[in-house]
Amino acid sequence: IWRPRDYPRGTVLHAQGAMHDGLFVLAAGLVKLTYLTAEGDEWIKSLIADRGVFGGFAPQPQLSRFGAVAVEAVSAAELPGDWLRGVL
């Protein structure tokens, strides 16, 4: 589970409105978190850099309120929500 995967620049790690349950732990790289408005405008929520953590972990799976895209090549481990709930 803790093995990072490599994602090339431009990879959508998860899309706003899609079901996503878990956390990403960055080993290297830069990820942009964004909100898309109803009009289609993109608002930057935050930038996550090396050794950062982001995701949509919650007591139950839910639709993602934001999107995440690799601004540069990224190495990250994705920790599934089911696994996280089992260890917390």
Side-chain angles (χ1 to χ4, degrees):
I1 283 184
W2 285 96
R3 283 203 186 125
R5 252 180 82 191
D6 294 331
Y7 300 91
R9 178 181 182 205
T11 299
V12 175
L13 299 172
H14 73 268
Q16 181 176 325
M19 187 63 70
H20 187 266
D21 181 38
L23 297 176
F24 282 92
V25 179
L26 294 184
L30 180 65
V31 173
K32 176 174 66 171
L33 306 182
T34 61
Y35 295 113
L36 292 177
T37 67
E39 295 79 26
D41 297 326
E42 179 182 83
W43 291 70
I44 296 175
K45 176 184 184 307
S46 56
L47 297 170
I48 308 297
D50 301 343
R51 295 190 174 92
V53 176
F54 70 93
F57 179 63
Q60 296 179 355
Q62 59 186 356
L63 298 179
S64 179
R65 296 180 188 167
F66 62 90
V69 64
V71 175
E72 60 186 30
V74 167
S75 179
E78 185 175 5
L79 305 178
D82 288 341
W83 181 81
L84 288 165
R85 280 187 287 281
V87 298
L88 295 178

Q: Please tell me if the side chains of Val74 and Thr11 come closer than 4.5 Å, counting only heavy atoms from C-beta onward.
A: no
Q: Over all heavy atoms of both residues, which pair between Ala70 and Pro8 is shortest? Give the atoms and the distance, please.
A: CB-O, 3.7 Å
Q: Please identify each residue that fulfils side chain to side chain donor-acceptor pair (under 3.5 Å) with Asp82, with sequence neighbours left out.
A: Arg85
Q | Cluster check Val87, Val25: I/L/V/M/F/W/Y, side chain < 4.5 angstrom | A | yes
Q.
Taking ring-ring contact (aromatic ring centres under 6.0 Å, His included) as the definition, give me every residue that meets it alongside Tyr7, ordered by chain and number, with sequence neighbours left out.
A. none
**Q.** Nearest-0.5 Å distance, CG of residue Leu63 to CE of residue Met19
**A.** 4.5 Å
Q | Non-hydrogen side-chain atoms of Leu36 and Glu42 separated by less than 4.5 Å | A | yes
**Q.** Close side-chain approach of Phe24 and Leu13, heavy atoms under 4.5 Å
**A.** yes
(Q) So Asp50 and Leu26, do their side chains get closer than 4.5 Å, heavy atoms only? (A) no
Q. If you look at every heavy atom in Leu33 and Ala68, which pair is closest and at what distance?
A. CD2-CB, 3.5 Å
Q | Ser64 side, atom OG; Tyr35 side, atom OH - distance, nearest 0.5 Å | A | 9.0 Å
Q.
Is any side-chain heavy atom of His20 closer than 4.5 Å to one of Glu78?
A. yes
(Q) Restricting to non-hydrogen atoms, name the atom on Gln16 and the atom on Thr34 that form the minimum distance, rounded to 0.1 Å. (A) OE1-O, 3.7 Å
Q. Between the side chain of Arg5 and the main-chain N/O of Ala76, is any donor-acceptor distance below 3.5 Å?
A. no
Q.
If hydrophobic clusters are built from ILVMFWY residues whose side chains come within less than 4.5 Å, do Trp43 and Phe54 share one?
A. yes
Q) Do Phe66 and Val69 belong to the same hydrophobic cluster, where Ile, Leu, Val, Met, Phe, Trp and Tyr are linked whenever their side-chain heavy atoms lie under 4.5 Å apart, directly or via other members? A) no
Q. Quick one: do Leu79 and Val53 end up in the same hydrophobic cluster if we chain Ile, Leu, Val, Met, Phe, Trp and Tyr together by side-chain heavy atoms under 4.5 Å apart?
A. yes
